[in-house]
Protein chains: 2
Amino acid sequence: MKPSIPKGTRDFLPHEVARRAYIFNIIQEQFELFGFSPIETPVLENLSTLTGKYGEEGDRLLFKVLNSGDFLRKADIEALENKNSGALTPSIASRGLRYDLTVPFARFVVMHRNELVLPFKRYQIQPVWRADRPQKGRYREFYQCDADAIGSESLLLEAEFITLIDRVFSALGLQVEILLNSRKILSGIAHVVVIADRVMEMTTSVDKLSKIGWSGVHQDLQKRGFTQQQCQEIEAHFRLPVDELGSVLAGDPVGAEGIAELQTVQSYLKQEHLHNALVVDTTLARGLNYYTGCIFEVRATEAQMGSILGGGRYADLTSVFGMPGLSGVGISFGVERIYDIMVELAKFPESLESTLQFLLVGMDEAALEKAFAMASSLRKLGITCSVHPDIQKLKKQLKYAHALNVPNVVLVGLEEDPNLLVWKKMEDGDQQILSFEHFLEEVTR
Amino acid sequence: MKPSIPKGTRDFLPHEVARRAYIFNIIQEQFELFGFSPIETPVLENLSTLTGKYGEEGDRLLFKVLNSGDFLRKADIEALENKNSGALTPSIASRGLRYDLTVPFARFVVMHRNELVLPFKRYQIQPVWRADRPQKGRYREFYQCDADAIGSESLLLEAEFITLIDRVFSALGLQVEILLNSRKILSGIAHVVVIADRVMEMTTSVDKLSKIGWSGVHQDLQKRGFTQQQCQEIEAHFRLPVDELGSVLAGDPVGAEGIAELQTVQSYLKQEHLHNALVVDTTLARGLNYYTGCIFEVRATEAQMGSILGGGRYADLTSVFGMPGLSGVGISFGVERIYDIMVELAKFPESLESTLQFLLVGMDEAALEKAFAMASSLRKLGITCSVHPDIQKLKKQLKYAHALNVPNVVLVGLEEDPNLLVWKKMEDGDQQILSFEHFLEEVTR
């Protein structure tokens, strides 16, 4: 048989694992520095936890796991006879694969409420699954990388997330723009254009602005029944500079609160020297329904990639699991996209290519035993090395070393004097003959 | 709804994630030091890759993922009408969850043969799934931690794995016994007792020795049709000291090769100062069929836990995927059991309890802004800190600090002089009043 892997999944070769770990480690280091703690949740969740949390589309994209054993014994007879796949599923599959990290986090908080202390700052870097149509840059199995701070309404959290985001992208060597807005400003605009009950519809349209422009947004709004007059007023408000918009929204309690939120966040940041631009963009909408306050988005300025981070304030994370009123702020790094951009812009350090520092080779049995002992001594010094386990022609050994991308080859046990070795530097072909003791001195110098 | 997670799965709280990462990091560090490279394979594999690789029991324990969409459209009609779950499954589920790391590794090697160079040394630390009955210490979702070196028959690899194993357990602070044997010695004994064609049956019985003793093994062998005479001869051979057994097996080519293998491995190790005992145990059998040469097992000497590592030489990893003759050696750390032992013996360093070094608290808005800026300065120095985002009574703040297990609390902005702060050490309650500049000096000293 010719083996394959499922569509939308990937194997990772060593250099890919190293690059992915490089990104994860930089993000993780900043999470820890800011006092976030790691948690992990299982890949398998009960479908009762996941279903209905991601909309109809989401329910369809959940991977469902077949119950074990004679699963048909408890199958829904009617659905079975009607060959109704959708109706049959709940009776033959009670578990599914994690679809994101937010719902499992909410479930985790409720289940462990007595073990946690609020405010609770957690991060989580784990894969998720979606039965979506795979395409370039979109996978069925991919990583998410989230941080949330829950149990406080303080805007200090928003400000802290902005500095964290700034530090992560600076450490990754990526130039970005950090966009900031408040959902309350969108509501305020809707209020003053007198379409208060249709804030979500307006938000959904405006969310498309960067893709379809204002003329596209007008069309989209009109399809939803907004009048031409309303469209023009909406656009006019979004085109106002923030301070002018502030005056316009001053009479609307929600809109004014949104403006004040941005001011408070900026006030926390006034002494902070950000590496990247922080841009208040009142048209920033973020698709997800559950955001209620400040929202963030990050775009790379050197690559065409769309959003590489999203996040925001939500008023209520856990009421769906029976624990109402828990507010928080969360962000999610688009690590798969960040990876693609880093590859495109060649931002990964070369040192990730190989961690192996030395390859030791022996030309006969006695030399191989010596190489084995030498490797042990090197490793005691923390030096990464490998012994070629076979006796082979030098040419073949060097070809292997080249393929491994190892910078140093040590040829152990010379014919003329078995106590001497040849240390060859692969970069320039330079080589020197020396004793093992002398070699160790050189290496540790 | 009251949320729950599937039986046999686990959430990990921050201190558990930290402890698990501690074990993984130590193992990973040694893998890298020995020149092993990381790979990752997807959680979802095609069932055609997994089915038939783990025996009938294994096939039953595979988690199968329901096909997306209208999966009944392509369902096996006959199986559906007969309500035959087993026969129906292949037509409605084409993917499953990874069951171990060995079969995916074999699949990986065959698929990426042109990108890999042999010998190839890889490690892999990822979760696997088995629909087994959960019990104490046995989970349905758990981690495996494997290293394999393939593409060489050299016994240097076996010797290298023994030093690697020794270093890992020494770094973890666990005392262990490393058991070594060769499958060829078991064959040799079977040959001289003239039961050559029943090596596997004998091996399976002897594998139970540590659990059921020799009288149990006799019973088990007799059930399989071995005569009492054969049982006694088998026991007598296994009771021989290795050098005497060597003389007995000298005339059997396979048995003699097994003895020679152990000698070669020991010869490589003669200059090595192992921290743990290496014990040749001719009764060591290892359950798995695919081992053909040296086999290893590790037992903790301070805990009753059974095997915490298994491994060995196999002659053929990949022929099932169309690539015959690829020999290698692999080991698998029983990380879940190692975790349990480390908890039982209190071997985790206390520093894992919390990485947070400072909690900053402010008593009013101005102080909170100051705390925000101070936290930024601390983080620039690499110091892990968190700001309590809310203004609260000091007593409540200290209670929070206590729950977080943070060693230092900094109270920012004193009433009498907003430029002063109080640095309180939680361990002894010691506190000093100083300026931020002075505090920074002290912290970085």
Side-chain angles (χ1 to χ4, degrees), chain A residues 3-6 9-14 17 32-33 35 37-44 46 49 63-66 68 70-72 83 85 93 95 107-108 110-111 115 117 119 131 141 152 154 156-157 163 268 271-272 321 355-356 368-369 372-373 376 379 384-387 389-390 400 403, chain B residues 3-6 9-14 17 32-33 35 37-44 46 49 63-66 68 70-72 83 85 93 95 107-108 110-111 115 117 119 131 141 152 154 156-157 163 268 271-272 321 355-356 368-369 372-373 376 379 384-387 389-390 400 403:
Chain A
S4 63
I5 53 175
T9 71
R10 291 164 290 172
D11 282 330
F12 296 111
L13 289 158
V17 175
E32 299 264 350
L33 211 45
S37 302
I39 70 157
E40 286 181 19
T41 63
V43 167
L44 287 176
N46 289 323
T49 299
F63 276 110
K64 290 139 193 133
V65 173
L66 206 51
S68 296
D70 184 12
F71 58 87
L72 286 177
K83 288 209 185 167
S85 298
R95 291 157 302 198
R107 196 256 319 131
F108 177 98
V110 175
M111 276 180 70
E115 297 153 274
V117 48
E141 176 172 331
S152 166
S154 169
L156 183 139
L157 295 176
T163 65
Y268 276 117
Q271 286 182 56
E272 191 74 30
F321 296 118
T355 59
L356 193 64
L368 216 50
E369 281 199 18
F372 181 88
S376 223
R379 289 174 190 139
T384 298
C385 62
S386 197
V387 182
D390 298 310
Y400 179 70
Chain B
S4 63
I5 52 175
T9 70
R10 291 163 289 172
D11 282 329
F12 296 111
L13 289 158
V17 175
E32 298 264 351
L33 212 46
S37 301
I39 71 158
E40 285 181 20
T41 63
V43 167
L44 286 176
N46 289 322
T49 299
F63 276 110
K64 289 140 194 132
V65 173
L66 206 50
S68 295
D70 184 12
F71 58 89
L72 285 177
K83 288 209 183 167
S85 299
R95 290 156 303 198
R107 195 244 337 120
F108 177 98
V110 174
M111 276 181 70
E115 297 153 275
V117 48
E141 178 174 331
S152 166
S154 169
L156 183 139
L157 295 176
T163 64
Y268 276 116
Q271 286 183 53
E272 192 72 31
F321 295 119
T355 60
L356 193 64
L368 215 49
E369 281 199 19
F372 181 87
S376 223
R379 288 172 191 142
T384 298
C385 62
S386 199
V387 182
D390 298 311
Y400 180 70

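Chain letters run A, B, ... following the sequence lines, proteins first and then strands; every chain starts at 1.
- With hydrogens and angles disregarded, a donor-acceptor distance shorter than 3.5 Å links the side chain of B:N46 to the backbone of A:S4.
- With a 4.5 Å cut-off on side-chain heavy atoms, B:P119 and A:Y400 count as touching.
- Taking 4.5 Å as the limit, every side-chain heavy atom of B:I5 sits out of range of all side-chain heavy atoms of A:F108.
- Both the backbone and the side chain of A:T41 come within contact range of chain B, each with at least one heavy atom under 4.5 Å from a heavy atom of that chain.
- Here B:V65 is the residue among B:L356, B:V65, B:L157 with the most heavy-atom pairs under 4.5 Å with chain A.
- Residue A:T163 touches chain B through its side chain alone, counting heavy-atom pairs closer than 4.5 Å.
- When atom types are taken as modelled, the side chain of B:E141 and the backbone of A:V43 share a donor-acceptor pair closer than 3.5 angstrom.
- Pairing each heavy atom of A:M111 with each of B:P3, the nearest pair is CG-O, 3.5 Å.
- Taking B:P389, B:A403, B:C385 one by one and counting their heavy-atom pairs under 4.5 Å with chain A, the maximum is reached by B:P389.
- Of the residues considered (A:A131, A:S386, A:P42), A:P42 shows the highest number of contacts with chain B, using heavy-atom pairs under 4.5 Å.
- For the atom pair A:S85 OG and B:D70 CG, the distance stands at 3.5 Å (nearest 0.5 Å).
- When the candidates B:L33, B:I39, B:L368 are compared by the number of heavy-atom contacts under 4.5 Å with chain A, B:L33 comes out ahead.
- Between chain B and the residues A:S37, A:S68, A:S152, the most heavy-atom pairs under 4.5 angstrom are made by A:S152.
- Listed options B:S376, B:A373, B:A93 were ranked by heavy-atom pairs under 4.5 angstrom with chain A; first place goes to B:S376.
- Both the backbone and the side chain of B:E369 come within less than 4.5 Å of a heavy atom of chain A.
- A:E32 places no side-chain N or O within donor-acceptor distance of the main-chain N or O of B:T355, the cut-off being under 3.5 Å.
- With respect to chain B, the highest number of heavy-atom pairs below 4.5 Å among A:R107, A:Q271, A:R10 belongs to A:R107.
- A:L44 touches chain B through backbone and side chain together, each having a heavy atom under 4.5 Å away.
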